[in-house]
Structures are given as C-alpha cells and as structure tokens.
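If you're wondering where the values come from, they're calculated on a predicted model, not measured in any experiment. Worth knowing before you read on, the calculation uses all heavy atoms, side chains too, and leaves out hydrogens, waters and symmetry mates.
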Amino acid sequence: MKRWLKITLRILSVLIILVILTWLAGAFYISRNKKEVLSSILAQLNKNLNGQITATSMEPTLLKSFPGVSVSLNGVLLRDSLWSKHKHDLLKAQDIDVSLNVLSLIVGNVNINQIAINDASIYIYTDSTGYSNTSIFKSKPAEEKQSSNKTSALEIKKIDFNKVNLVLDNQKRFKLFNFNIDQIQGRMQYPDSGWTGKIKLKTQVNSFAFNTKKGSFLKDKSLEGTLSAHYSRKLDAVILDPEILKIGGHPFKIGAKIDLDKSAFAISIAVDKILFRNVALLLSPNISSKLLKFGIEKPIDIRGNIIDDGSGKYGDPLIKVGITVRDNVVSIPSGKLTAANFDGSFTNQDTVGGIIGDENSSIKFHRLTAKYFNAPIKVDTFTVNNLSRPIATGLVTSQFPLSNLNNSLGTQDFVFKQGTADLRLYCKADIDNFRFTKPVVSGKIKIANADILYVPRKLHLVKSALDINFDQNDLSIQNGHFQLGKSELNVSCSIANFANLYYTDPDKILVNLKMHSPQLYLNEFLPFLGPRNTKKKASSGNSMKTASKELSNVLEVSKMNIKLTVGKAIYDKFLAKNLNADISLRGEGIYLNKISVEHAGGTLALDGNIIQQPASNLFKINSKISHVSVKDFFYSFDNFGQETITNKNLKGYLSSLVNISGRISHAGKILPRSINGKVIFNLNNAALVNFEPMVKVGKFAFANRNLSNVEIKNLDGTLNIRGDKVEISPMQVNSSALNFNVKGIYALGPGTDVAMDIPLRNPKGDENLTSKEKREARMRGIVLHLKAIDDEKGGIKIRWNKDHD
C-alpha cells in the first residue's frame with residue numbers, strides 16, 4: 001500500500017472516531033442534563049416570542065439525526081400573551097423532534113438544525129378587532145435587536161410537518177383556511193437578504209374560504225408538490241416561484257407573492273387540458289353553482305390570478321380568469337353550442353377601482369364561433385355583467401340554410417325544406433336562473449326563398465321571403481312574400497312591445513298585419529278554421545324544445561288584426577273581385593269586422609265572426625247584398641246547404657239584408673239545418689224556373705198555364721230561418737203565370753206547412769189595368785185556398801186548405 005493512501009486512511013479513521021466520540025459525548029451530555037438542555041432549547045425558541053412555548057418533557061432520540069443529536073419534545077404548547085382571552089393555542093403538538101448541533105451543545109450553546117412537528121394542530125387566529133395570536137412572533141424593540149448578533153438568531157435549516165392540522169381563522173375578514181397536512185418538508189437557507197427554501201407538501205384542504213359567507217374554494221381537494229420559496233427582508237414578502245402543484249390530482253402551475261406586513265397576497269394559476277367541471281368544483285359554491293349551469297365537454301386551458309391587497313375593504317379577493325376553448329361542445333341552459341371556439345374571461349372587478357363582488361363581476365366571450373342547433377353563429381364580444389342581477393349583451397351574426405334547423409328545434413311544429421337565413425342582432429337581456437328574460441333586441445333577420453311547413457295548421461308556404469326587424473322591444477316584418485298553393489301574399493306587419501310580452505303575456509301580443517294579393521284561393525286557408533290552441537304551455541327542460549314550444553304557443557294565443565286587399569278571391573264555386581277585408585283573430589274567434597267584395601255582378605258587404613270549437617265552428621254573419629245575380633249567388637254558396645230552391649230554379653237580381661248564424665265545418669262546409677236568422681230580400685226581374693212546389697200547383701189547378709217558368713218583376717219578402725225550417729212571412733207574389741199570397745213553414749225535412757191563396761184569374765188579362773186597378777182586382781173571382789204539406793214518401797203534396805183565413 002502506498003504511503004499517501006495509508007496516511008489518508010489514518011486521517012479518515014481519526015475523523016470518524018472523532019465524530020463518533022463527539023456524538024457519544026453529546027448523547028451522554030443530553031442524557032445526563034435533560035432539564036438543562038430542555039431549558040436551553042426552550043430559551044432558544046422563546047428568544048423573539050411575545051408569548052411562551054412550553055414542553056412537558058424531553059427524551060433523546062439519538063439515532064434520528066446522526067451525526068447530529070436529536071431530542072423529542074413532548075406536550076408542546078405555543079401560546080401568545082393574550083391566550084387567556086381567546087383560548088386558541090397557536091401550536092399544540094404531541095411530539096416535536098429537534099435536531100441539535102453537537103459542537104454548539106458541548107460549548108454550552110444550543111443551535112437547532114432541524115425541527116419536525118408531529119401529530120399536532122396549529123391554529124392561527126385573528127379576532128374581530130384584528131388582533132392575531134401570531135403577534136407572538138412580532139419583533140422585539142430596536143435596542144434588544146442591536147444587542148443581539150446574527151449568530152443568536154433562530155435559523156432552522158430543516159422544518160418538517162407530519163400529520164398536522166393547520167387552521168387560519170380570520171374572524172375580522174371572514175376567512176377560514178383549514179388543512180390536514182400529511183407531510184411538509186422544508187429545506188431552508190439564510191442568506192443576508194432573508195431566507196430561501198424548498199417546500200415539499202402533501203395535504204388535504206378542508207376549507208379555503210376567502211369569505212366564509214360564500215363558501216370554500218378547493219373543498220376536500222388534495223394538494224401535492226414542491227414549491228420554491230424565498231423571503232425578502234427588503235420587501236417583507238414571501239415569494240413562491242411558479243412550480244407544478246397537483247390539485248385534486250391534476251397538475252397546476254402555481255406562483256404567489258405574500259406581503260407579510262399588509263397581509264396581502266397575489267396568486268397566479270395556470271393549467272392546461274382540464275375539464276371545465278373539475279375547475280368549477282374547485283371554486284366556492286357561490287361561483288361553482290353558476291358555472292355548473294354550463295358545460296364544456298373537452299378539456300380547456302385556464303390562466304388566472306387571485307389578488308388580495310390586505311385592506312379587507314371588499315371582503316373578496318380580486319379574481320381574474322381566462323380560458324381558451326377550441327373545437328368544443330358547450331352546454332347552455334337553452335341547448336348546445338357545437339364546434340365552439342372562443343376566448344373567455346371572468347373578473348369580479350370589471351370597473352377598475354370599483355367594488356369587488358358579484359355587482360361588479362363580468363363574464364366575457366371573445367371571438368366566439370359555434371353552431372347553435374346547426375345554425376352557425378359568430379359573436380365578436382358577448383358580455384354578462386353584474387352576476388347578482390345578470391345582464392347579457394352581444395352582437396350575434398349568422399348565415400345558414402334553414403334546413404339546418406330541422407330535427408334541432410325539439411318539436412316538429414316547423415319543417416324547413418329550403419331557404420336561407422341571414423341575421424345580425426344586437427341583444428341585451430336579463431338572465432334569470434341563467435335563462436334570458438326581458439330581451440331587448442335590435443337588428444334584422446333576412447329569410448329568402450324559404451319552404452316552410454307549419455305543422456299545427458298544416459300550412460305549407462313556398463317561395464317565402466321576409467325581413468324581420470327588431471327595434472328594441474318592437475318587431476316589424478317588411479318585404480314579406482309567401483306562396484300558399486296557388487295563392488300569393490305580400491305581407492308587412494308591426495308588433496309593439498313584442499319582446500316584453502313574448503315571455504310574460506303572449507296573449508296580449510297584438511299583431512297588425514297588412515296583406516295584399518293579386519289572387520287568393522280561400523280554401524287553402526281553411527286550416528285557420530280549426531280550433532286554436534289557447535292553453536299556455538308551461539316551460540319544461542333547458543333546451544331549444546322549450547323555446548320552440550314557446551314560439552308555437554305565442555303564434556296560437558296572440559291577437560291579430562289583418563288588413564287584406566285581394567284582386568281576385570276564389571273559394572270552390574265562389575269568385576269575387578276587389579276584396580277588402582278587416583279581420584281580427586282573438587283567442588278562439590275570427591272576427592270579420594268589415595268585408596266588401598264585388599260578386600255576381602253586384603256587391604257584398606258583411607261583418608260577423610267565427611268562433612272555433614272542437615267539432616265545428618259557430619258563425620254569425622250580418623250581410624248586405626246589392627244587385628247580385630241570384631242564380632250565380634246561389635251557385636257560389638252551394639245553395640246554402642239545401643236542395644229545394646237551387647241556382648237552377650232562379651233568375652234575376654237579388655238585394656238582401658241577411659242576419660244569420662249557424663255552423664261551418666273545419667273543411668269550410670255549412671252544416672245542413674244549422675242556420676238560424678232572418679233574411680229580408682228583394683228580387684228584381686226574376687224568374688222561378690222548374691220550382692217543384694209551383695210545378696205541382698200548376699198540375700193541380702192550372703194545367704193551361706206555364707208554372708215551370710214564372711217571371712217576377714219585383715218581389716219583397718222576409719224569411720225567418722230556424723234550422724231546417726224556413727218561416728215565410730205573408731208575401732204577395734205577382735208573376736207572369738199567376739198571382740198568389742203565400743205564408744207558412746217550408747221545411748228541409750218533415751214539417752212543411754205552406755198556405756197559398758191563388759186567384760184563378762189570369763194575370764195576363766190585367767196587363768192593361770193601372771197599378772191601383774190591378775191591386776183592387778187581384779183577388780176577385782174564384783180563389784183557390786191550398787196548402788202544401790209533407791206526403792208519405794217524404795215529398796210535398798198539395799191539398800185544399802179548409803182552415804184558410
């Protein structure tokens with residue numbers, strides 16, 4: 001063996017022996033001087049305390065910190081000078097391991113290298129006046145500091161916490177932080193500027209409440225990781241460099257600055273690829289309960305800051321959070337945003353210098369693009385302000401084919417086959433339970449070349465186009481064009497206060513609608529004769545289905561005034577020109593306020609109503625008919641539901657006042673025997689052709705006269721209609737074949753009883769008489785008193801009227 005190696009080994013052996021001897025000497029010294037060492041340790045720990053730390057006993061634990069010497073302090077209590085008032089121990093530990101410097105111990109000075117606190121509780125308490133039991137650590141007066149030297153300062157290199165419950169209870173600021181610390185390992189260095197350290201921690205959060213009235217952040221979450229910290233004497237602040245800390249098992253990058261003098265702090269947080277729900281559950285209930293109304297399916301990136309200036313002015317810390325969402329699915333109370341991209345931000349101090357809290361909070365979405373029920377939307381900035389009474393604002397733009405909405409509305413009330421929509425809307429709305437209410441909308445929706453089926457009314461509109469204009473609460477439609485079958489309609493309308501009434505009182509919505517058409521086929525509008533659904537639908541669920549049902553409900557229960565002008569109106573056999581109508585839709589009723597039309601060479605004017613009912617509709621009509629062709633008139637109205645007097649039996653011109661009521665089917669047919677009312681009429685230059693009762697009278701008494709074509713120059717009469725019976729008021733008929741008086745009941749079924757007084761004199765023999773002479777001679781001579789009644793076969797028979805007047 002070489003000489004230098006032998007010398008090296010001897011020196012190492014001597015050093016090892018020296019260390020062992022020194023360690024044994026220290027161990028022996030501690031064993032023989034427990035009380036003195038304990039007193040020295042406590043004295044060292046109490047040097048700069050405005051209170052006292054005590055221990056019930058001390059035992060050496062020789063091998064724990066070899067080559068240092070360690071002792072275990074049992075029953076340790078740390079209390080500030082005002083403990084007797086608040087009764088909160090700053091530190092209460094079953095066991096504290098203290099590692100001592102052996103050489104300093106031998107020379108009579110205790111130098112603590114390491115402290116391990118085990119099975120303990122630490123309670124940092126601040127009362128409502130602002131006093132804290134941490135005042136125990138306040139610096140001693142300046143003169144005491146000057147008399148001390150650096151070597152006497154307490155500089156512990158290693159601090160470990162094992163199974164420690166840590167509570168920070170600030171009654172003045174309503175803050176409560178409570179941690180179950182499984183392990184904290186601190187490795188410290190003490191340069192002149194302060195101290196630096198690495199802190200490895202593993203803990204469970206019981207409470208992390210900046211405001212106990214609003215609940216805890218990080219509730220029941222685990223914290224695990226290593227932090228780099230340093231204390232600056234110049235700034236009197238502890239600074240945590242950004243490091244990875246696992247919160248609830250997910251890695252977060254956490255950095256912080258804590259100003260000890262002001263009790264202020266600033267925390268920076270960064271996390272990538274985390275689920276939105278997991279983030280929301282880290283926040284206090286007053287925030288998470290609102291955020292969980294929303295959902296984001298795929299992971300997102302988040303950056304945030306939590307800042308407290310230490311003044312306690314607002315209670316809550318300042319919170320600023322930014323999120324990045326790309327190609328994601330966002331759930332909102334009214335549906336889903338798919339293919340969503342946006343940058344979001346949240347702050348609880350939107351106005352700089354203003355209060356911190358819900359009243360000054362703001363959620364903003366920047367550069368938002370997404371599909372909403374297959375309709376692409378674009379929003380440059382969408383803002384929700386004042387979370388205590390949220391108000392949402394934003395400019396929404398979109399262009400899409402209407403067919404994208406099929407199978408997306410949650411209801412089959414509307415089916416879109418083609419067409420495009422182009423919208424640009426500025427919206428402002430209150431948010432009640434995260435649903436829009438009291439919206440104020442400005443802007444336009446332009447629909448072009450649309451093919452729309454409105455299922456509840458079976459209305460199929462093609463080649464449709466319109467501009468929907470929103471002016472805050474009011475709505476108007478311009479440039480509307482619709483084609484329903486062969487009918488064409490040009491439409492404009494206005495609805496005052498639409499936005500307010502839509503959600504609150506849809507049955508108070510009044511639509512003022514103007515329509516013009518060159519040609520209408522009225523039978524294509526028969527679906528309006530069906531009963532309207534006036535039952536208000538309750539909102540259910542948080543989806544587009546609710547919104548679509550609400551819209552369908554509004555269309556059914558709202559009131560409508562219609563001004564209609566039509567060049568030509570056609571309904572089955574009815575043909576009219578220059579139709580002008582004022583119509584109102586109210587609840588179950590269609591009210592014909594004023595209608596005028598040219599028909600059958602004359603004019604018709606009417607008013608009335610149609611009350612919609614489940615089986616059939618009840619109608620009431622007041623009409624004035626002026627000089628219409630009676631033949632064409634009866635033909636157009638399908639002989640008014642009877643077959644006795646038809647258009648084939650009539651010629652001439654009719655003027656009449658009609659006041660009738662009855663029932664009409666949902667298919668637009670007048671129900672037989674349902675009409676009641678009164679008809680006052682005048683026939684001019686008329687003829688009764690092949691009228692069966694008249695022909696039978698001719699066969700019975702006037703075989704030599706032509707009663708199959710009875711000409712009547714003028715006839716006035718009154719008919720009272722009672723279902724299937726027509727009451728003929730006493731009426732004088734002067735015709736080309738005979739003159740007669742008639743009255744009685746003509747029945748469409750059984751019950752006919754018509755009395756006729758027929759003079760046998762031929763009216764042709766009186767042609768040269770004056771009008772007065774004709775009236776005086778009218779009933780001279782032989783008069784037949786006849787009665788028309790039912791026969792056994794369901795027809796009519798004529799017999800003598802023995803009971804004539």
Using a distance-only test with no angle check, is there a side-chain donor-acceptor pair under 3.5 angstrom linking [X] and [Y]?
| X | Y | answer |
| --- | --- | --- |
| Thr383 | Asn385 | no |
| Asn74 | Ser57 | yes |
| Lys371 | Thr338 | no |
| Tyr123 | Asp169 | yes |
| Tyr231 | Asp236 | yes |
| Asp80 | Tyr131 | yes |
| Asn118 | Asp95 | yes |
| Asn180 | Asn165 | yes |

Validation row: [X], [Y] side chains within 4.5 angstrom (heavy atoms):
| X | Y | answer |
| --- | --- | --- |
| Ile247 | Leu282 | yes |
| Asp127 | Lys172 | no |
| Phe265 | Asp309 | no |
| Thr134 | Thr126 | no |
| Ile274 | Ile302 | yes |
| Ile199 | Ile184 | yes |
| Val76 | Thr56 | no |
| Ile124 | Leu90 | yes |

Could you pull out the closest heavy-atom pair between [X] and [Y], with the gap in Å?
| X | Y | answer |
| --- | --- | --- |
| Tyr426 | Leu395 | N-CD1, 3.9 Å |
| Asn360 | Thr351 | OD1-N, 3.1 Å |
| Arg173 | Asn170 | N-OD1, 2.8 Å |
| Ala280 | Ser288 | O-CB, 3.0 Å |
| Trp195 | Tyr190 | CB-CD2, 3.7 Å |
| Pro285 | Gly215 | CD-CA, 3.7 Å |

Identify whether the distance between the nearest side-chain nitrogen and carboxylate oxygen of Asp241 and Lys257 falls below 4.0 Å.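 Looking at Lys257 together with Asp241, the answer is no, because their closest N to O distance does not fall below 4.0 Å.
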
Separation between [atom1] of [X] and [atom2] of [Y], rounded to the nearest 0.5 Å:
| X | Y | atom1 | atom2 | result |
| --- | --- | --- | --- | --- |
| Ile391 | Ser362 | CD1 | OG | 11.5 Å |
| His250 | Leu275 | NE2 | CG | 8.5 Å |
| Glu359 | Leu387 | CD | CG | 9.5 Å |
| Ile115 | Ile96 | CD1 | CD1 | 7.0 Å |
| Asn328 | Thr324 | CG | OG1 | 11.5 Å |
| Leu201 | Leu223 | CG | CG | 6.5 Å |

Write out all pairs satisfying salt bridge (Lys or Arg N to Asp or Glu O under 4.0 Å) with one or both partners inside residues 269-279, taking only residues at least two apart or from two chains.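 Sorted pair list: Asp272-Arg303.
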
Salt bridge (Lys or Arg N to Asp or Glu O under 4.0 Å) contacts in which one or both residues fall within residues 203-215, not counting sequence neighbours: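 Pairs touching residues 203-215 that pass the test: Lys214-Asp316.
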
From CA spacing to verdict: side chain to side chain contact (heavy atoms under 4.5 Å, CB included), His366, Ser345: CA-CA 8 Å; His366 305 280; Ser345 64; 3.7 Å; yes

Do other residues, nucleotides or ligands put more than 12 heavy atoms under 6.0 Å from [X] [atom1]?
| X | atom1 | value |
| --- | --- | --- |
| Gln189 | CD | no |
| Arg187 | CZ | yes |
| Gln94 | CD | no |

As a quick check of understanding, evaluate side chain to side chain contact (heavy atoms under 4.5 Å, CB included) for Ile254 and Ile269, giving each step before the final call. CA-CA 5 Å; Ile254 306 291; Ile269 302 171; 3.8 Å; yes

With side chain to side chain contact (heavy atoms under 4.5 Å, CB included) as the test, would you mind laying out the steps for Gln171 and Thr212 before giving the verdict? CA-CA 9 Å; Gln171 297 287 317; Thr212 53; over 6 Å; no

Under 3.5 Å, side chain of [X] to main-chain N/O of [Y], donor-acceptor pair present?
| X | Y | value |
| --- | --- | --- |
| Asn348 | Pro317 | yes |
| Gln204 | Ile181 | no |
| Ser216 | Phe208 | yes |
| Asp89 | Lys92 | no |

Using the ring of each side chain (for Trp, its six-membered ring), is Phe179 parallel, tilted or perpendicular to Phe177, with breaks at 30° and 60°?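 Ring orientation, 0 to 90° scale: parallel.
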
Look at the aromatic rings of Phe382 and Phe365 and report parallel, tilted or perpendicular, splitting at 30° and 60°.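 Phe382 and Phe365: tilted rings.
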
Partner of Ile117 under side chain to side chain contact (heavy atoms under 4.5 Å, CB included), chosen from Leu91, Asn162, Leu73: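 With Ile117 as partner, side chain to side chain contact (heavy atoms under 4.5 Å, CB included) holds for just one option, Leu91.
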
Against Gln185, only a single residue in Lys200, Lys198, Lys202 fulfils side chain to side chain contact (heavy atoms under 4.5 Å, CB included); can you say which?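 That would be Lys200; it is the only one of Lys200, Lys198, Lys202 passing the side chain to side chain contact (heavy atoms under 4.5 Å, CB included) with Gln185.
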
With a distance cut-off below 6.0 Å to the six-membered ring centre and an angular limit of 45° from the axis, does Lys85 pair with Trp83 as a cation-pi contact?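 Output no; distance or angle outside limits.
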
Phe210 ring center within less than 6.0 Å of Phe217 ring center: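 Yes - the distance between ring centres of Phe217 and Phe210 falls below the 6.0 Å cut-off.
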
Apply the test salt bridge (charged side-chain N to carboxylate O under 4.0 Å, His left out) to residues Lys163 and Asp119: give CA-CA distance (whole Å), side-chain angles for both, the deciding distance (0.1 Å), then the verdict. CA-CA 5 Å; Lys163 308 298 182 185; Asp119 298 318; over 6 Å; no

Decide yes or no on salt bridge (charged side-chain N to carboxylate O under 4.0 Å, His left out) for Arg367 and Asp343, but give the supporting numbers first. CA-CA 7 Å; Arg367 298 171 294 280; Asp343 296 326; 2.9 Å; yes

Applying ring pair (Phe, Tyr, Trp, His ring centres under 6.0 Å), name anything that partners Tyr125, two or more places apart in sequence or on another chain.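 Tyr125 satisfies ring pair (Phe, Tyr, Trp, His ring centres under 6.0 Å) with His86, His88 only.
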
Going through the checks in order, is the side chain to side chain contact (heavy atoms under 4.5 Å, CB included) test met by Leu292 and Leu281? CA-CA 8 Å; Leu292 288 174; Leu281 292 174; 3.9 Å; yes

